[in-house]
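Structure first, commentary second.
Residues: numbered from 1 along the sequence shown.
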Amino acid sequence: MRIALGQINCTVGDLSGNVGLMVEVARRAAARGAELVVFPELSITGYPPRDLLEKQSFLDGTEEHLGRLAAQTAILDLSVICGYIGRSSVVSGRRITNSAAVIEGGHVVFRQDKMLLPNYDVFDEQRYFQPADQQSIVAFRGRRLALTICEDAWNDKQYWERRLYDRDPVEELTRSCADLIVSINASPYHMGKRSLRRDIFSATARNHRVPLAYVNQVGGNDQLVFDGSSFAMDSEGRVIASAASFEEDLVLVDMEGRGGDQHANFDDENEAVYEALVLGTRDYIRKCGFKRVLIGLSGGIDSSLTAAIAVEAVGRENVTGVGMPGPFSSDHSVRDARDMAANLGIRFELVSISGPYECMLRELQPLFGGAKPDVAEENLQSRLRGVTLMALSNKWGALVLTTGNKSELAVGYCTLYGDMCGGLAVISDVPKTLVYPLSRVANQRLGNVIPESVFVKPPSAELRPDQKDTDSLPPYEVLDQILKGYVEDYKPAPQIAEENGIPISLVKDIINKVDRNEYKRQQAAPGLKVTTKAFGIGRRFPIAQRFSE
């Protein structure tokens with residue numbers, strides 16, 4: 001049995017484009033002799049469609065395009081499995097389902113509804129969908145297929161010590177002597193996710209003694225990046241075919257045991273994170289209708305990494321770096337920014353904020369009333385830079401990419417309407433200690449574009465004389481340990497302090513900074529998720545609240 005894994009990049013809401021892509025891939029699969037081509041979860045709508053699911057016109061369009069897909073693949077000598085929005089048959093409850101369709105000869109011959117609806121982190125499926133009460137084996141050309149949708153295959157009781165759900169759809173389906181498990185997915189990336197997936201599905205194949213085919217969406221949709229990394233396994237849980245990570249791919253596999261295509265993945269996780277950021281940035285820009293981007297180049301490591309990612313995402317001809325020196329900017333920062341732009345081959349413009357800064361100080365002086373200079377004057381510089389970038393954005397029709405990292409965003413070491421201005425926060429889920437190895441990856445790929453001086457100089461916002469980040473924060477090696485424990489792992493302060501050998505007073509101080517700056521983060525540009533817990537749609541804390549660690 002020859003199956004094609006159709007790993008495609010769906011755009012949310014582009015029903016016509018998504019179906020057109022599936023038809024083209026199905027033709028290629030048929031030409032290579034596939035009997036069945038399998039596409040990802042909700043491949044007609046793109047994932048996640050979110051509140052588009054509340055629009056009747058969207059639901060009607062989804063049904064219409066499912067029919068179009070069936071009609072346009074009718075002449076092909078293969079069958080199609082795809083994800084779509086189904087209509088619920090229950091009298092009460094949600095009116096729609098997250099479903100998979102089996103298409104043969106121009107008709108939908110089988111439908112499977114998703115049973116386990118995730119409602120954690122970035123997932124919100126219980127808000128929209130009615131879960132399946134039961135599922136059935138599908139007969140396909142003399143074989144019995146267990147067709148599952150993403151979460152339905154992630155609840156193996158022999159793998160997890162504590163499961164999220166009582167039922168295991170795979171176990172229930174394989175009781176009916178399935179010959180093959182087919183799992184369609186829209187599983188977003190985070191560090192370590194690809195190896196976790198393979199471990200889970202390898203255990204499933206071994207436990208049930210059934211081969212399986214796993215197909216995942218690829219591409220960026222808003223804050224989520226889908227890595228693809230589709231695969232097929234034999235009944236011993238061994239990978240017999242694999243798709244590339246972070247790009248569209250078509251993989252053919254003979255499920256009778258003769259194997260299939262083996263396309264390379266990124267073995268190094270730092271390279272995988274970098275590629276995820278490139279893909280997420282490219283798709284966000286492209287799917288939002290932009291072509292060009294602007295970046296404030298400070299000469300620091302964060303803006304340098306962001307610029308490198310942008311060049312790989314949209315091409316150097318579409319990236320402009322803007323240096324905006326102020327009264328406290330060092331000569332080496334301006335030089336490093338200029339050198340960085342030259343190394344990347346991008347346009348570079350220099351706009352001083354010193355004049356506007358002095359003008360604003362004169363105008364504000366009567367209102368400041370002779371008060372001692374403090375954060376107000378510091379933030380004024382950052383906000384003038386934000387005004388400059390947004391003015392150029394409006395004039396040139398270019399999207400501003402913000403350059404702040406996760407460590408800064410966590411503790412509020414960023415300025416609202418200043419360095420937080422922009423349309424996409426590319427590295428907002430990248431801890432500062434990860435910025436450096438990712439920048440080394442950029443240099444390996446692009447040829448040492450980030451000057452070595454950028455790596456070795458102490459991080460500084462340069463908003464006052466001789467300012468360094470460590471004036472306000474502990475060393476990033478310490479800060480990031482605290483943040484991982486608190487933000488990603490939800491550990492209490494005493495446990496973080498004990499496990500990392502950090503004074504409890506420092507841990508509590510950082511935790512308080514995280515909690516106090518929720519209002520800033522909820523006004524930040526959307527960022528790309530690459531860790532297990534990002535600041536964004538998967539982390540939902542109130543702003544006005546009084547609970548304290």
Side-chain angles (χ1 to χ4, degrees), residues 1-8 18-41 43-44 66-84 99-112 135-149 153 170 173-174 176-185 201 204-205 208-217 228 230-236 238-244 248-263:
M1 180 178 180
R2 289 175 61 82
I3 294 180
L5 311 181
Q7 180 174 292
I8 58 174
N18 294 337
V19 167
L21 179 58
M22 284 189 277
V23 170
E24 190 271 331
V25 172
R27 287 173 179 158
R28 287 166 48 204
R32 293 184 60 187
E35 299 174 65
L36 173 67
V37 61
V38 186
F39 294 109
E41 177 182 15
S43 43
I44 288 181
L66 177 64
R68 178 188 158 197
L69 177 63
Q72 294 190 9
T73 57
I75 61 173
L76 302 178
D77 187 24
L78 89 168
S79 300
V80 176
I81 292 177
C82 72
Y84 76 106
S99 301
V102 179
I103 300 170
E104 287 186 316
H107 302 282
V108 176
V109 298
F110 183 84
R111 160 181 160 169
Q112 190 83 291
Q135 297 180 323
S136 304
I137 289 288
V138 53
F140 177 78
R141 302 190 182 185
R143 298 170 179 85
R144 299 170 63 80
L145 306 187
L147 177 55
T148 67
I149 305 172
V170 172
L173 287 168
T174 53
S176 299
C177 301
D179 300 310
L180 175 69
I181 299 168
V182 176
S183 178
I184 66 172
N185 297 260
F201 281 86
T204 297
H208 299 290
R209 305 291 296 174
V210 178
L212 61 86
Y214 170 98
V215 182
N216 191 27
Q217 177 175 286
S230 305
F231 53 80
M233 291 178 172
D234 63 18
S235 59
E236 297 294 326
R238 294 178 296 232
V239 174
I240 57 175
S242 62
E248 289 189 311
D249 205 356
L250 177 63
V251 167
L252 259 70
V253 55
D254 186 336
M255 297 305 302
E256 303 300 333
R258 288 185 286 275
D261 300 331
Q262 295 277 1
H263 297 165

### Message
Donor-acceptor pair, distance only, cut-off 3.5 Å: does the side chain of Asp261 make one with the backbone of Leu252?
### Response
yes

#### Entry: Stepwise side-chain contact (heavy atoms from CB on, under 4.5 Å) check, Leu180 with Ile3
CA-CA 11 Å; Leu180 175 69; Ile3 294 180; 3.3 Å; yes

### Message
Donor-acceptor pair, distance only, cut-off 3.5 Å: does the side chain of Glu35 make one with the backbone of Arg2?
### Response
yes

### Sub-4.5 Å side-chain heavy-atom contact between Val23 and Val25
no

### Task
Nearest 0.5 Å please: distance from the CG atom of Leu78 over to the CZ atom of Arg32.
12.5 Å

### Query
Backbone N or O of Pro211 within a donor-acceptor pair of the Asp234 side chain at under 3.5 Å?
no

### Query
So do the side chains of Ser176 and Ile137 get within less than 4.5 Å of each other, counting heavy atoms only?
yes

### Task
Examine distances only and state if a side-chain atom of Glu256 and a backbone atom of Met1 form a donor-acceptor pair shorter than 3.5 Å.
yes

### Query
Under the criterion side-chain hydrogen bond (donor to acceptor under 3.5 Å, both in side chains), which of Gln7, His263, Gln217 is the partner of Ser230?
Gln7

### Query
Are any non-hydrogen side-chain atoms of Val215 and Asn185 less than 4.5 angstrom apart?
no

### Query
Do side-chain atoms of Gln112 reach the backbone of Ser136 as a donor and acceptor pair under 3.5 angstrom?
yes

### Task
For Arg143 and Arg141, indicate whether the former's side chain and the latter's backbone hold a donor-acceptor pair under 3.5 Å.
yes

### Check: Leu36 and Met255 side chains under 4.5 Å, non-hydrogen atoms
no

### Message
Is any side-chain heavy atom of Ser183 closer than 4.5 Å to one of Thr148?
### Response
yes

#### Entry: Contact summary for Phe39 and Ile184, nearest pair of heavy atoms
O-CG2, 3.2 Å

### Query
Is any side-chain heavy atom of Ile44 closer than 4.5 Å to a side-chain heavy atom of Asn18?
no

### Any side-chain heavy-atom pair of Thr174 and Arg209 under 4.5 Å
no

### Message
Could you tell me if the side chain of Met233 sits less than 4.5 Å from the side chain of Ile240, heavy atoms only?
### Response
no

### Query
How are the rings of Tyr214 and Phe201 set to each other: parallel, tilted or perpendicular (split at 30° and 60°)?
perpendicular

### Query
So Ile81 and Leu147, side-chain contact (heavy atoms from CB on, under 4.5 Å) or not? Walk me through it.
CA-CA 9 Å; Ile81 292 177; Leu147 177 55; 4.0 Å; yes

